[in-house]
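Encoded as structure tokens, the structure appears first; notes follow it.
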Amino acid sequence: MQVAGYARDVLSHGIIRSHVIVFLVDSKLVRGIFYDRSGIFESAVLNLAIKSDQLIFAKMIKQMRALPPEGLGIVPNLDATFMKDRKSLRSAEEMPQYAAADGPPSNEIFEWSEGSLFDIPYKNKTIRTVRVKRVLFRSNGIIGRGTIVMRVVCNHCNGKCDWCGKKLILKLSFPAKTRVSEQTFMDRCRELAQGDHAWVLNHLPHIYWTFDIQYSKSTPQAKFKEKFKDDYEMRVMRGSIQEELRPLSSLTTATGCAQVFYDVVQCHHWAWKYPQILHRDISQGNILVREKNGEIYGVLNDWDLAIWLNDQRDGPTSKFRTGTKPYMAHEQHGIKWQGPHRFRHDLESVFYVILLLVSLYSSPKVKAVEPDTGGYGYQEWHKQDDEFLEGKKANILLRANWEPSVTTFFCGFALWLTTLRRALRRGFARLADHKEAMEEALERDQEMPSFDYDTLDNYFSYEKVVSVMHRYDDEELKTRGSEWRKTLLGLPDL
């Protein structure tokens, strides 16, 4: 429906909004539609040929004109320059500085010109103000978190606070009110990252401050919650000030990319084993780079969808699967899949991140002109639905004769992909055998056979993945923790 596309564009471009209200007019018929991050709600149809309906519609328009910015969906605490001066709103094409090394914004319309201000609730009911420099990322959709990431600078203290002089981003999103914050997970990680575990701090995001802004009782969201009860998912606007990190595209060598991927797997394992946190949203955009004292470190970023392992079997707080579709484990695309999300699903996601990068790019920042994807349509993975992705990924994992098609720059990753894929294929073959054995045991009233679902019966474990990834193109990569260094001494190379 075209109006849904319009609403998506409004929520995904321009000023940051919590919701948008649209009137769909078809000849003399009018319907009001409310779009927000939790759902889509339609009013009854008004017939403008009927005088009473004319009066109702006129009253609705009048009331909308009287709404404050928050009632129209514009997020609180934002002082956008174009709200006072419309001439300051320009497209990316009018701003040539964004066609330089940093590249264009995440969408084709520049959100607003530099200089917009955002007031951040801080300690002791104080306010810190940041100035927006540039939109770095903007999710494209209606229902969901609606994440936006902006480069910002401190604007309130004349160089005297602990944020000044640091490279900062402001991340805003609309998670479910009950969702555990990224800050909570990172606080637990930092409590445990002591002594021999301190290495992991180089591979986690640095969050300087986080805050939630609740919807007030007068907002449409509060009214919907009151009316629909548990059928409406109440959200908050959650923000955080974090260290700005570099994207994968900033790397210049394939070995550097390999080190970053290996770092991320080591970090993921540590978080799973010690604070017992499962990330659940591995994607290329969530694998970033920190440079420290001339050395690069892979950072596993964006823990907004993470869960505690003891909550692993609980359903998601939203009605949608967690993850970024092109990189989700192939089982997650299945219409009957209901979880639980296991650590091997995240490791499978790492496989797809590597696969898409080395197949579609001739270097970390340059797309291949005519990539050879062997009929698997990797170029379409960001646009296609679950059925398409489940089929393509199943073909990769289950076919006997699959081979990766990597570009010359990334040729060393062919061995990684071939070996990891072989481990996955064998694991899923073992799973299929196990299901048959379970059916036979059930028919004969016998004891059920055992199977380790977390590792596909040890065919796809952390140990198997690390035994592949600790070396790239015959070069030993840096293993960060002493635990893995000891473990590798006893692991055979696959």
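The shortest distance between side-chain heavy atoms of Phe174 and Arg17 does not fall below 4.5 Å. Looking at Val152 and Ile241, their side chains come closer than 4.5 Å, going by heavy atoms from C-beta outward. Considering only heavy atoms from C-beta on, Pro449 comes within 4.5 Å of Met438 through its side chain. In this structure, the side chains of Trp402 and Asn395 stay at 4.5 Å or more apart for every pair of heavy atoms. In this structure the side chain of Leu477 never reaches within 4.5 angstrom of the side chain of Met469, judged on heavy atoms. Within the 4.5 Å cutoff, side-chain heavy atoms of Phe428 are placed close to those of Glu331. Using a 4.5 Å heavy-atom cutoff, the side chains of Cys189 and Ile277 are in contact. Residues Thr455 and Lys464 have side chains not in contact (no heavy-atom distance under 4.5 Å, counting atoms from C-beta outward).
In summary, the aromatic rings of Phe261 and Tyr472 are positioned with their centroids too far apart to meet the 6.0 Å limit. Taking the six-membered ring for Trp, Phe343 and Tyr462 have ring centres closer than 6.0 Å. Ring-centre distance between His269 and Trp484: below the 6.0 Å cut-off.
With hydrogens and angles ignored, the 3.5 Å screen pairs a side-chain donor or acceptor of Thr210 with a backbone N or O of Gly239. In terms of modelled atom types and a separation under 3.5 Å, the side chain of Asp457 and the main chain of Arg430 share no donor-acceptor contact. With hydrogens and angles disregarded, no donor-acceptor distance shorter than 3.5 Å links the side chain of Gln384 to the backbone of Leu389. Under the 3.5 Å distance criterion, the side-chain polar atoms of His333 are left unmatched by any main-chain donor or acceptor of His330. Of the possible donor and acceptor atoms, none in the side chain of Ser38 sits under 3.5 Å from a partner among the backbone N and O of Met234. Looking at Trp381, its side chain never comes within 3.5 Å of a backbone N or O of Tyr327 through a donor-acceptor pair. Proximity of a side-chain donor or acceptor of Arg238 to a complementary backbone N or O of Leu172 within less than 3.5 Å is not detected. Proximity of a side-chain donor or acceptor of Lys393 to a complementary backbone N or O of Met328 within less than 3.5 Å is detected. In this structure, Arg280 contributes its side chain and Leu305 its backbone to a donor-acceptor pair below 3.5 Å. The backbone N or O of Arg471 sits less than 3.5 Å from a side-chain atom of Trp416, completing a donor-acceptor pair.
Atom CG of Leu417 and atom CZ of Arg422 lie 11.5 Å apart (nearest 0.5 Å). For the atom pair His279 NE2 and His268 NE2, the distance stands at 7.0 Å (nearest 0.5 Å). Atom CG of Asp231 is separated from atom NZ of Lys229 by 11.0 Å, given to the nearest 0.5 angstrom. A distance of 6.0 Å separates CZ in Phe413 from CD1 in Ile354, rounded to the nearest 0.5 Å. Taking OG1 from Thr184 and CD1 from Ile207, the interatomic distance works out to 9.0 Å, rounded to the nearest 0.5 Å. For the atom pair CG (Leu278) and NE2 (His341), the distance works out to 5.0 Å, reported to the nearest 0.5 Å.
Here the shortest heavy-atom pairing between Leu201 and His206 reads O-NE2, 3.5 Å. When all heavy atoms are compared, the tightest approach of Leu300 to Cys267 is CB-SG, 4.1 Å. Of all non-hydrogen atoms in Gly298 and Asp263, the two that sit nearest each other are N-OD2, 2.9 Å. Heavy-atom minimum distance, Ile287 versus Leu248: O-CG, 3.6 Å. Of all heavy-atom pairs between Ser18 and Val75, the closest is N-CG1, 4.1 Å. Minimum heavy-atom separation, Leu309 to Trp272: CD1-O, 3.3 Å.
Within a 6.0 Å sphere centred on CD of Gln194, heavy atoms belonging to other residues, nucleotides or ligands number more than 12. No more than 12 heavy-atom neighbours from other residues, nucleotides or ligands sit within 6.0 angstrom of CG on Asp445. For NZ of Lys177, the number of neighbouring non-hydrogen atoms (other residues, nucleotides, ligands) closer than 6.0 Å is 12 at most. Counting heavy-atom neighbours within 6.0 Å of Glu387 CD, excluding the residue itself, gives a total of 12 or less.
Residue pairs that meet the ring pair (Phe, Tyr, Trp, His ring centres under 6.0 Å) test with at least one member in residues 431-451, sequence neighbours left out, are His434-Phe451, His434-Tyr453, Phe451-Tyr453. For the salt bridge (charged side-chain N to carboxylate O under 4.0 Å, His left out) condition, the pairs that include at least one residue of residues 189-205, sequence neighbours left out, are Arg188-Glu191. A salt bridge (charged side-chain N to carboxylate O under 4.0 Å, His left out) check over residues 286-306, counting only residues at least two apart or in different chains, returns the pairs Arg145-Asp302, Arg145-Asp304, Lys171-Asp302, Lys171-Asp304, Glu243-Arg290, Arg246-Glu291, Glu295-Lys478, Glu295-Arg480.
For Ser240 and Gln242, the side-chain atoms include at least one donor-acceptor pair closer than 3.5 Å. With 3.5 Å as the limit, one finds a donor-acceptor pair spanning the side chains of His470 and Glu476.
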### Query
When you look at Gln259 and Leu251, which way does the side chain to side chain contact (heavy atoms under 4.5 Å, CB included) test go after all the steps?
CA-CA 11 Å; Gln259 182 66 61; Leu251 298 174; over 6 Å; no
